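All remarks here apply to the structure that follows.
Because the structure is a prediction, the values reported are computed rather than measured.
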Amino acid sequence: MKMVVCGYCAASWRRCVVMSLRLLFLLPAGLPVRSQGESQSDNKQMDNITIRQGETLFLSCSQGDFVTHTAWLNRSSILYAGEDKWSVDPRVSLVTLNQDEFTIKIEDVDLTDEGQYICAVQTSSRPRTTSVHIIVQVPPKILNLSKDLVVNEGSNVMLMCLANGKPEPAIGWRMLSPSDDSLSSDSEILEIPFISRYRAGVYECTAANEIAVDTQTVELTVNYPPSVSDGRDVGVTLGQRGVLECEADAVPEADFEWYRDDRRIFNGFDGIEIEDAGGFSKLTFFNVSEADYGNYTCVAINKLGSANTSIILYLQDGNSGTSTVFTPTCLLLIILLQLLLKF
């Protein structure tokens with residue numbers, strides 16, 4: 001049957017190649033094929049070839065003596081029949097065609113190139129085929145990643161990372177900055193129940209297979225109400241410069257308010273300057289008077305709550321280095337005593 005088909009090739013080689021190779025595809029590898037002379041065809045299966053996506057593939061088979069026609073096929077499509085290119089793919093080209101070798105090249109290999117390839121050779125006596133299966137490996141690529149998140153303390157958080165690749169990549173999560181090895185996951189989902197402020201930071205998703213590794217990061221911001229450090233009382237002598245400091249920890253950053261008793265103090269009030277910078281606030285007296293001594297309250301506020309602390313500005317004896325705290329009543333008595341001593 002084979003010899004009859006190939007005898008028809010003298011009239012139309014291209015048409016014959018298609019018909020002959022279709023017949024070859026219907027015959028399992030290793031199955032004896034008999035020609036008119038009862039000679040057996042050679043069907044050879046090569047080892048699988050593994051190649052990475054984007055690389056260049058070379059497919060080669062030996063010719064031997066008395067070769068009349070040759071062809072390379074990908075599944076049921078003819079790539080090359082002798083020197084004639086049948087494939088419309090610009091990535092496919094002929095490298096070598098002589099009595100010893102028939103080699104084609106496929107550039108920028110992709111997943112669509114995966115599958116079985118057959119080199120068909122027709123000699124003067126019988127056909128011979130060599131088949132090889134191409135496996136295309138694809139480096140991992142993260143396709144779907146949770147966006148940067150802003151959540152309130154106590155919320156339940158779920159971070160998602162989806163990736164593809166071949167072989168299928170392994171996906172994992174870890175807390176990158178600040179580093180915390182205790183907070184990690186070996187799956188596509190990282191769940192953080194009742195998140196605290198200490199879990200805020202940068203999280204990294206890793207997708208890895210034997211080809212390469214792909215990483216991307218997510219920034220997680222945790223909002224929480226202010227907490228204020230205990231105020232430190234300040235002693236200042238009359239006429240000197242005095243500074244009261246207030247520090248608050250909060251996300252988002254806190255706004256500060258200063259009070260003397262129940263009265264709010266504004267910047268520039270009675271020569272007092274208020275300066276806020278990040279989580280700090282300073283209340284500055286450029287020339288402390290007796291009326292400035294007393295109790296002050298710093299209040300830190302954001303959208304989740306507020307906190308406060310009290311700070312006392314007291315009179316410090318510049319000679320002895322001792323300090324005394326004066327209430328408004330005590331200050332009044334001291335002033336009256338000073339007036340009586342003058343008389």
Side-chain angles (χ1 to χ4, degrees), residues 1-138 166-167:
M1 179 176 66
K2 286 288 183 181
M3 291 300 294
V4 172
V5 173
C6 289
Y8 180 76
C9 292
S12 176
W13 159 238
R14 291 197 175 198
R15 185 176 178 185
C16 173
V17 169
V18 176
M19 295 176 63
S20 298
L21 293 175
R22 284 176 180 171
L23 289 174
L24 288 174
F25 273 110
L26 296 175
L27 298 174
L31 185 65
V33 180
R34 301 292 180 178
S35 65
Q36 288 180 335
E38 294 297 312
S39 62
Q40 181 177 332
S41 66
D42 296 325
N43 298 308
K44 180 180 178 182
Q45 177 68 47
M46 298 174 60
D47 293 337
N48 294 344
I49 295 177
T50 300
I51 188 170
R52 296 184 182 183
Q53 184 183 42
E55 294 183 343
T56 299
L57 173 66
F58 290 90
L59 295 175
S60 179
C61 68
S62 58
Q63 296 276 69
D65 296 333
F66 309 112
V67 173
T68 58
H69 300 95
T70 56
W72 264 110
L73 299 92
N74 175 13
R75 294 179 286 274
S76 60
S77 301
I78 300 175
L79 301 177
Y80 264 90
E83 295 183 350
D84 296 330
K85 181 178 179 180
W86 286 36
S87 171
V88 296
D89 193 335
R91 300 174 303 132
V92 181
S93 61
L94 179 65
V95 177
T96 304
L97 177 59
N98 54 41
Q99 200 64 29
D100 299 320
E101 179 185 347
F102 183 26
T103 300
I104 62 172
K105 176 175 69 174
I106 303 175
E107 298 178 281
D108 194 20
V109 170
D110 204 351
L111 270 177
T112 55
D113 299 314
E114 189 171 84
Q116 188 181 43
Y117 290 75
I118 294 179
C119 176
V121 176
Q122 177 65 48
T123 67
S124 57
S125 58
R126 60 183 178 181
R128 183 176 72 247
T129 64
T130 301
S131 61
V132 59
H133 191 84
I134 305 302
I135 299 173
V136 179
Q137 292 183 326
V138 181
K166 188 178 179 186

- [ ] State which residues pass side-chain hydrogen bond (donor to acceptor under 3.5 Å, both in side chains) with S62; sequence neighbours excluded, sorted by chain then number.
- [x] none

Open item on the list: Assess, by modelled atom type and distance only, whether the side chains of E107 and T56 contain a donor and an acceptor separated by less than 3.5 Å.
Closed with: no

Open item on the list: Closer than 3.5 angstrom, by distance alone: can the side chain of T130 be matched with the main-chain N or O of C119 as a donor-acceptor pair?
Closed with: no

Open item on the list: I need the L59 CG to I49 CD1 distance, nearest 0.5 Å.
Closed with: 6.0 Å

Task: L94 and F102, any side-chain heavy atoms less than 4.5 Å apart - done: yes

Open item on the list: With rounding to the nearest 0.5 angstrom, report the CZ to NZ distance, F58 to K105.
Closed with: 5.0 Å

Task: Distance (rounded to the nearest 0.5 Å) between W86 CH2 and L79 CG - done: 11.5 Å

TODO: Drop me the distance from T50's OG1 to H133's NE2, to the nearest 0.5 angstrom.
DONE: 9.0 Å

- [ ] Report the distance from atom NZ of K85 to atom CD1 of I104, rounding to the nearest 0.5 Å.
- [x] 10.0 Å

Task: Taking every non-hydrogen atom, the tightest pair across G115 and R75 - done: CA-NH1, 3.8 Å

- [ ] Report yes if some heavy atom in the side chain of W72 is under 4.5 Å from a heavy atom in the side chain of S87; otherwise report no.
- [x] no

Task: Expected output: side-chain E114 to main-chain V136 donor-acceptor under 3.5 Å - done: yes

- [ ] Could you tell me whether the side chain of I51 reaches within less than 4.5 Å of the side chain of I134, counting heavy atoms only?
- [x] yes

TODO: Would you give the length of the straight line joining atom CG of D100 to atom OG of S60, rounded to the nearest 0.5 angstrom?
DONE: 10.0 Å

Task: Close side-chain approach of Q53 and V138, heavy atoms under 4.5 Å - done: yes

Task: Closest approach of Q116 to Q45 (non-hydrogen atoms, all atoms of both residues) - done: NE2-OE1, 4.0 Å

TODO: Mind listing the closest non-hydrogen atom pair of A120 and L73 along with its distance?
DONE: CB-CD1, 4.4 Å

Open item on the list: Other residues, nucleotides and ligands only: do more than 12 of their heavy atoms fall within 6.0 Å of CG on N48?
Closed with: yes

Task: Residue pair L97 / T70: nearest heavy atoms and the distance that separates them - done: CD1-OG1, 3.8 Å

Open item on the list: Under the rule for salt bridge (Lys or Arg N to Asp or Glu O under 4.0 Å), what residues qualify as partners of D89, not counting sequence neighbours?
Closed with: R91

